[in-house]
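Everything on this sheet refers to the single structure shown next.
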Amino acid sequence: MATDPSLRPRAEEVRSRVAELIAEIAGLPVAELTDRLAALGGAEAPRAETPRESDTGLPALPGAVAGQVVLRLAPFPSGALHIGSGRMLFVNQAYRERYDGKLLLVFDDTIGSEEKRVEVEFFDLILGDLELAGVRPDQVLFKSDRIAAHYPWARRVIDRGAAYVCRCAQEELRDKRQRGLACPERSQTPEEAAAEWERMLGGAYAPGEAVLRLKTDLADPDPAFRDRVLFRISDLDHPRVGHRYRVWPLLEFSWAVDDVELGVTHVLRGKDLVVEDRMERYVWDLLGIQGPPFLHWGLLRVREAKVSKSKSYREVKDGVYDGWSDPRTWSLRSLDRRGISMAALREFTLSFGLSLADIEVPAETLYAENRQRIDATTLRRSFVPAPVRVEVDGYPFDLAEVQLANHPDRAELGTRAVPAGPAFYLAQADLAHHAGAEVRLKDLVNVRLPSEVPEAGGTIRAAFTSRPNQRLPRLQWVGASGAVGVDVLHPDGTHAVGLGEAALRRAAPREILQFERFGFVRVEENWTAATEPVRVVFAHP
RNA sequence: GCUCCCGUAGUCUAGUCCGGUCAAGGAUUCGGGGCCUUCGACCCCGUAACGCGGGUUCGAAUCCCGCCGGGAGCACCA
């Protein structure tokens with residue numbers, strides 16, 4: 001009916017006829033269907049298997065030509081990239097790959113403010129984050145190197161009669177803007193404005209005394225858009241360029257300039273920056289420039305991660321957090337520390353597409369993605385939190401040591417020798433839960449537990465019952481011989497201590513392991529083999 | 001308050017531009033079952049959604065209007 005209008009008036013008839021046919025077809029055997037389909041010249045219907053590859057979810061970039069796309073990342077250097085701000089990395093990187101484009105890293109280090117200061121240590125920190133995420137920019141630029149290039153643009157706007165030097169006090173400016181009133185300076189001729197601008201550049205004004213403002217419609221429904229400030233004066237010491245400049249562009253104008261000067265073809269950024277689109281476009285329209293299109297995405301929050309950049313900043317500075325890789329920051333590097341791969345994080349992030357909706361996702365979705373990637377290659381080890389020593393009466397002599405598989409499904413990962421009974425450590429919680437019952441020590445033997453269970457650190461006696469595997473509750477154990485202390489750092493910053501099997505002494509720093517019935521962990525990078533406790537970070541169940 | 005944006009299962013998302021192939025696909029979670037000596041993996045099965053109300057149309061998740069709900073922004077910060 002979509003293609004043949006003559007059928008439309010007979011829609012009911014068509015509908016019932018289609019229903020009949022469907023009923024008929026549904027009753028036919030598959031072989032018959034295949035034959036008939038072939039007779040009609042139809043292709044064999046392949047089972048639609050949606051590829052798991054991510055980028056397919058992203059829309060095409062408007063007007064993008066492979067090999068000619070230029071994108072840019074513009075982080076403000078005020079802290080490590082976290083799970084939310086990492087989105088810009090992966091989205092830009094995905095498009096760059098898709099179009100074989102260029103990616104510029106442009107540090108947005110204009111002078112900032114007293115509250116929002118540029119700090120030099122963050123340049124390297126962010127560079128490190130990019131490296132970790134597998135994003136290698138084609139070029140690294142600093143806004144602070146490009147300030148002088150912005151001045152001619154100011155003149156172009158001024159010469160169009162579209163900007164003026166305003167000397168209102170900040171409060172006054174804000175108040176007038178709110179009420180849609182003009183400042184006296186707004187009527188400056190281009191010549192007067194240019195002269196004032198030169199005075200401003202020449203140092204005639206102190207910080208706060210004068211700004212360059214764009215002329216927009218003072219009746220604009222969005223008060224924030226009315227005569228926005230383009231340049232202001234600041235005496236703050238910049239960590240890279242010191243006091244070389246006093247007149248600094250504000251973000252929107254600086255991008256109106258640089259998106260054009262750097263040849264950026266598509267601007268991909270978070271939707272917190274949508275008003276900036278409007279400003280950039282306004283400037284471009286004014287100068288008759290066709291600027292790049294903008295694409296945005298909404299806020300991404302991970303439910304478990306209460307990411308406050310300023311809080312992280314404070315806690316890291318004050319030493320409350322263990323640096324920027326503290327799991328509580330949910331920074332990229334903290335996820336890496338936990339054993340969550342950047343590939344998983346990328347997949348996770350890109351799965352949200354470019355939706356403008358603000359979303360909150362449970363971390364479990366990320367964990368599932370990561371688990372899929374690491375499960376097959378991760379060695380299994382035994383760990384017991386809050387252990388109680390269990391002496392087993394009647395334990396078989398020949399089972400002082402057993403060979404256990406490193407992975408239940410993958411023999412190629414080998415086995416390891418594990419010291420076993422007659423003395424073990426078991427988790428206090430497990431024992432309490434099964435007090436008085438017969439249980440199976442996983443992969444080993446069956447024992448009967450006493451009905452009284454002490455606190456962690458205590459000792460009890462249990463009785464050997466039999467060897468064959470039975471349908472009994474399975475408990476994780478660590479042989480007392482060779483047991484090694486283990487310290488697990490959890491994502492909330494707390495530590496769990498317990499004992500692990502002897503093989504953990506030979507663990508490699510950064511190795512990812514699965515503590516059976518406990519979860520995936522990663523050995524700390526700075527843990528030295530053979531020191532105790534073995535220090536690991538919890539990834540996820 | 002003003003400006004902009006967004007409403008598809010518990011969660012996230014595809015589909016919306018350009019109405020029919022959508023009795024709505026995928027992921028994750030949850031429930032049931034199977035299997036392996038993990039609470040992990042894998043396999044099978046299942047629950048579950050177009051915010052509400054009108055309109056246009058033979059036909060609406062898709063177009064129009066209204067409402068309701070949610071979010072973000074509103075700096076001489078970025």
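Predicted, not measured: the structure shown is a model, and the values here were computed from it. Throughout, protein chains are lettered first and strands after them, A, B, ... in sequence-line order, and every chain is numbered starting at 1.
Only the P atoms considered, rA75(B) is 43 Å distant from rU28(B), to the nearest whole Å. Taking atom C1' in both rA23(B) and rG59(B), one finds a spacing of 14 Å when rounded to whole Å. Nucleotides rC36(B) and rU29(B) are separated by 24 Å at their C1' atoms, to the nearest Å. Separation of the P atoms belonging to rC5(B) and rC65(B) is 13 Å when rounded to the nearest angstrom. Distance check on atom C1': rG26(B) versus rG73(B) gives 33 Å, rounded to whole Å. On the C1' atoms, rU13(B) is 26 Å away from rG32(B), given to the nearest whole Å. rG51(B) and rU8(B): their C1' atoms are spaced 10 Å apart (whole Å). rU3(B) and rA41(B) have their P atoms separated by 50 Å, with the value rounded to a whole Å.
In this structure, Asp272(A) atom CG and rC4(B) atom P are separated by 18 Å, rounded to whole Å. One atom, CD of Glu276(A), and another, P of rA75(B), lie 11 Å apart when rounded to the nearest Å. Between His434(A) atom NE2 and rC39(B) atom C1' there is a gap of 11 Å when expressed in whole angstrom units.
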*Given Thr465(A) and Asn446(A), is the side-chain hydrogen bond (donor to acceptor under 3.5 Å, both in side chains) satisfied, shown in steps?*
CA-CA 6 Å; Thr465(A) 54; Asn446(A) 307 315; 4.9 Å; no
*Would you please test Asn370(A) and His540(A) for side-chain hydrogen bond (donor to acceptor under 3.5 Å, both in side chains) and show each step?*
CA-CA 9 Å; Asn370(A) 195 56; His540(A) 50 75; 3.0 Å; yes
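Ring geometry for Tyr282(A) against Phe225(A) counts as perpendicular: the plane angle is over 60°, on a 0 to 90° scale with 30° as the lower cut. Classified by interplanar angle (parallel below 30°, tilted 30° to 60°, perpendicular above 60°), the ring pair Phe518(A)/Phe515(A) is tilted.
For Ser355(A) and rU13(B), the shortest distance from a side-chain N or O to OP1 or OP2 is below 4.0 Å.
Judged by the 6.0 Å and 45° rule, Lys143(A) forms no cation-pi pair with Trp248(A). In this structure, Arg440(A) forms no cation-pi arrangement with Trp477(A), as its terminal cationic atom is not both closer than 6.0 Å to the ring centre and no more than 45° off the ring axis. Figure legend: Arg269(A) and Trp297(A) shown without cation-pi pairing, the cationic atom not lying both under 6.0 angstrom from the six-membered ring centre and within 45 degrees of its axis.
At the heavy-atom level, Gln170(A) lies under 4.0 Å from base atoms of the strands shown. Counting any heavy atom pair closer than 4.0 Å across all strands shown, Thr110(A) reaches sugar-phosphate atoms only and no base atom. The residue Leu251(A) sits close to a base: some heavy atom pair falls under 4.0 Å. Among the protein residues, Arg226(A) comes within range of no part of the nucleic acid, since none of its heavy atoms lies under 4.0 Å from any strand. Heavy atoms of Gln476(A) sit nowhere under 4.0 angstrom from any nucleic acid atom. Backbone-only engagement by Asp108(A) is indicated by non-hydrogen atom pairs under 4.0 Å involving sugar-phosphate atoms exclusively. Residue contacts shown for Val274(A) are absent, as no nucleic acid heavy atom lies under 4.0 Å away. Note on Asp227(A): nothing from the nucleic acid sits closer than 4.0 angstrom, heavy atoms only.
Within the shown strands, rC74(B) is the pairing partner of rG1(B) under the Watson-Crick or G-U definition, both distances less than 3.5 Å. The pairing partner recorded for rU62(B) is none, the criterion being a Watson-Crick or G-U wobble arrangement whose two distances lie under 3.5 angstrom. Applying the Watson-Crick and G-U wobble criteria (two distances, each under 3.5 Å), rG31(B) pairs with rC45(B). Pairing of rG25(B), defined by two Watson-Crick or G-U wobble distances under 3.5 Å, is identified with rU13(B). The partner of rC68(B), taking Watson-Crick or G-U wobble pairs whose two distances both stay under 3.5 Å, is rG7(B).
Comparing rG73(B), rC76(B), rU13(B) by their closest approach to the side chain of Phe352(A) singles out rU13(B). When each of rU37(B), rU38(B), rC5(B) is scored by its nearest atom to the side-chain atoms of Arg440(A), the top-ranked nucleotide is rU37(B). Listed nucleotides rU28(B), rC76(B), rA78(B) differ in distance to Thr365(A); the shortest reach to its side chain belongs to rU28(B). With distances taken from any side-chain atom of Leu299(A) to the nucleotides rA72(B), rC12(B), rA78(B), the minimum falls on rA72(B). Among rC76(B), rG40(B), rC2(B), the nucleotide with an atom closest to any side-chain atom of Gln514(A) is rG40(B). Side-chain proximity of Val275(A) to the nucleotides rU11(B), rG73(B), rA78(B) is greatest for rG73(B). Out of rC12(B), rC39(B), rU29(B), the shortest distance to the side chain of Ala368(A) is found at rU29(B). Here the side chain of Lys271(A) is nearest to one of rC76(B), rA72(B), rA78(B), namely rA72(B). Minimum atom distance to the side chain of Arg517(A) is reached by rC39(B), of the listed rC76(B), rU37(B), rC39(B). Distance from the side chain of Leu250(A) is smallest to rA78(B) among rU11(B), rA78(B), rU13(B).
Remark: Arg522(A) does not engage Glu511(A) in a salt bridge, criterion side-chain N to carboxylate O under 4.0 Å. Classification of Lys442(A) and Glu516(A) as a salt-bridged pair holds, one side-chain N sitting under 4.0 Å from a carboxylate O.
Evaluation of atom-type donor-acceptor distances gives no pair under 3.5 Å for the side chain of Glu369(A) against the base of rA27(B). You won't find any donor-acceptor pair under 3.5 Å spanning the side chain of Arg474(A) and the base of rU38(B), going by distance alone.
Checking His296(A) against Asp277(A) by side-chain atom types alone, a donor-acceptor pair falls below 3.5 Å.
The residue among Leu356(A) and Ile233(A) whose nearest nucleotide of RNA chain B lies closer to the 5′ end is Leu356(A).
Taking the ring centroids of Trp197(A) and Tyr164(A), they lie at or beyond the 6.0 Å cut-off.
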*Taking protein heavy atoms under 4.0 Å as touching, what does nucleotides 41-51 of chain B look like 5' to 3' if B marks base contact, S marks sugar-phosphate-only contact and - marks none?*
S----------
